[in-house]
Enquirer: 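Sharing a structure with you now.
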Protein chains: 2
Amino acid sequence: MAATHSARAQRLRDAGYRLTSARLAVLEALERSQGHVTSAELLQMTPDVGRASVYRALDLFTRLAIVRPAWLQDSSTPRYLLLPDGHHHHILCTACDRVIDFDDCHLEPLQRELETRYGMRLRGHLLEFYGRCPDCVDRTEG
Amino acid sequence: MAATHSARAQRLRDAGYRLTSARLAVLEALERSQGHVTSAELLQMTPDVGRASVYRALDLFTRLAIVRPAWLQDSSTPRYLLLPDGHHHHILCTACDRVIDFDDCHLEPLQRELETRYGMRLRGHLLEFYGRCPDCVDRTEG
DNA sequence: ATTACTGCAAAGCCTTTGCAAGCCC
DNA sequence: GGGCTTGCAAAGGCTTTGCAGTAAT
């Protein structure tokens, strides 16, 4: 086990879960891949971890909001996106699956309006834009 | 087969596919459910349609951009969202998994800004808020 | 009349479960 | 040391496939 752990590993521990080598291996694989991998890719990246433990780790990470399964155009299985702390906004290129992150969303006014309208208490949000990145625009258009 | 068909059914026909009773049944089930259903729910809603045909219809609808599979918080299987107009916005109650839809997002200015900033051509977006619905707020807070 | 499409059922694949052993705390 | 967690393998469940019959055009 490594001497230092990522902030996400710390969140695991803070939530009362043990920092096992299996969980750390899956977490490091996610962070290494910048987080839009399928379970199959993750299984390949962690050959020393049992399949069941990979799935159990993904389930745990999902419940702790460390990752989020999402459908990125092509695949028939979910891809797991790392959720950075705070805002989670991406732009997805539907041609090459590139993910661009951005921070400014200016959604706080809308969030407050929705809280009032529906009587909800909102804690966070996810915003994804879909389109084509510069490379793919060039490659697929006149 | 019904005498009149929805605009989506027309898109099917325009794309060169036959308007079969199986496809219409699945499409009507999607429209009736406002489109947050899993394949399992869809299978229940179309007892007269063979399972394989339901899956084949969903695959076809996905390729035609009539629906979009998405992971909404809870389920381990995708939920199929009807894509009416490019906007897909929900509020998810993280306690009871209730889903509330809303239409106004005012994200067009942001979308245009991001297109300029990253050189992308954006076609659509997904916005999800996470929180607690009125019932669950009452139930879980002092 | 053509041929795309359906339905059934079996095959296929990914994911989950059960349980003894192992490791974190 | 206690008990959460792992790993293996088998079970499980959803999805896909093959093929002959059926229906849309």
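Below, chain A is the first sequence line, B the second, and so on; all start at residue 1. All figures in this text were calculated on a predicted structure; none of them were measured in a lab.
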Enquirer: Rounding to a whole Å, what distance do you find between B:Gln10:CD and D:dA24:C1'?
Expert: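 One finds 15 Å between C1' of D:dA24 and CD of B:Gln10, rounded.
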
Enquirer: Considering non-hydrogen atoms only, spot the tightest contact between A:Leu27 and A:Ala9 and give its length.
Expert: CD2-N, 3.6 Å

Enquirer: Please tell me if B:Arg13 has a side-chain N or O lying less than 4.0 Å from either OP1 or OP2 of D:dT25.
Expert: yes

Enquirer: Determine whether a donor-acceptor pair (one donor, one acceptor, N or O, separation below 3.5 Å) exists between the side chain of A:Arg18 and the base of D:dC4.
Expert: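 For A:Arg18, whose side chain was compared with the base of D:dC4, there is a donor-acceptor pair (under 3.5 Å).
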
Enquirer: Check for a donor-acceptor pair, side chain of B:Glu115 on one end and backbone N or O of B:Arg121 on the other, with a separation under 3.5 Å.
Expert: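 Between the backbone of B:Arg121 and the side chain of B:Glu115 there is no qualifying donor-acceptor contact (under 3.5 Å).
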
Enquirer: Taking atom P of D:dC14 as reference, at what distance in whole Å does atom CD of B:Glu41 sit?
Expert: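 Taking CD of B:Glu41 and P of D:dC14, I get 12 Å after rounding.
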
Enquirer: Would you kindly give the CG-to-C1' distance between B:Leu43 and D:dT16, to the nearest whole Å?
Expert: 13 Å

Enquirer: Need to verify one output field. Residue with the more 5' nearest nucleotide on DNA chain D, A:Leu60 or B:Ser39?
Expert: A:Leu60

Enquirer: Looking at the side chain of B:Thr20, which of D:dT5, C:dT6, C:dG7 is the nearest nucleotide?
Expert: C:dT6

Enquirer: Heavy atoms from C-beta onward define the side chain here; which of D:dT6, C:dC14, D:dG18 lies closest to that of A:Arg56?
Expert: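 When the side chain of A:Arg56 is considered, D:dT6 is the closest of D:dT6, C:dC14, D:dG18.
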
Enquirer: More 5' along DNA chain C: B:Ala52 or B:Tyr17, using each one's nearest nucleotide?
Expert: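 Mapping each residue to its closest nucleotide by heavy atoms, the 5'-most match is B:Tyr17.
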
Enquirer: Heavy atoms under 4.0 Å, any strand shown: does B:Asp59 hit a base, just sugar-phosphate, or nothing?
Expert: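 Counting heavy atoms under 4.0 Å across all strands, no contact is made by B:Asp59.
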
Enquirer: Grab the CG-P distance between B:Leu24 and C:dA4 for me, whole Å please.
Expert: 19 Å

Enquirer: Could you pick out which residue, B:Arg23 or B:Arg51, lies toward the 5' side of DNA chain C when each is mapped onto its nearest nucleotide?
Expert: B:Arg23

Enquirer: May I ask you to say whether B:Asp14 pairs ionically with B:Arg8, meaning some side-chain N is under 4.0 Å from a carboxylate O?
Expert: no

Enquirer: For A:Leu19 and D:dG3, what is the distance between atoms CG and P respectively, to the nearest whole Å?
Expert: 20 Å

Enquirer: Is the side chain of A:Arg23 donor-acceptor paired with the backbone N or O of A:Arg18 at a distance under 3.5 Å, no angle test?
Expert: yes

Enquirer: Any side-chain donor paired with an acceptor under 3.5 Å for A:Glu41 and A:Ser33?
Expert: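 On atom types as modelled, these side chains do not qualify, holding no pair under 3.5 Å.
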
Enquirer: Rounded to whole Å, please give me the gap between CG in A:Leu12 and P in C:dC24.
Expert: 14 Å

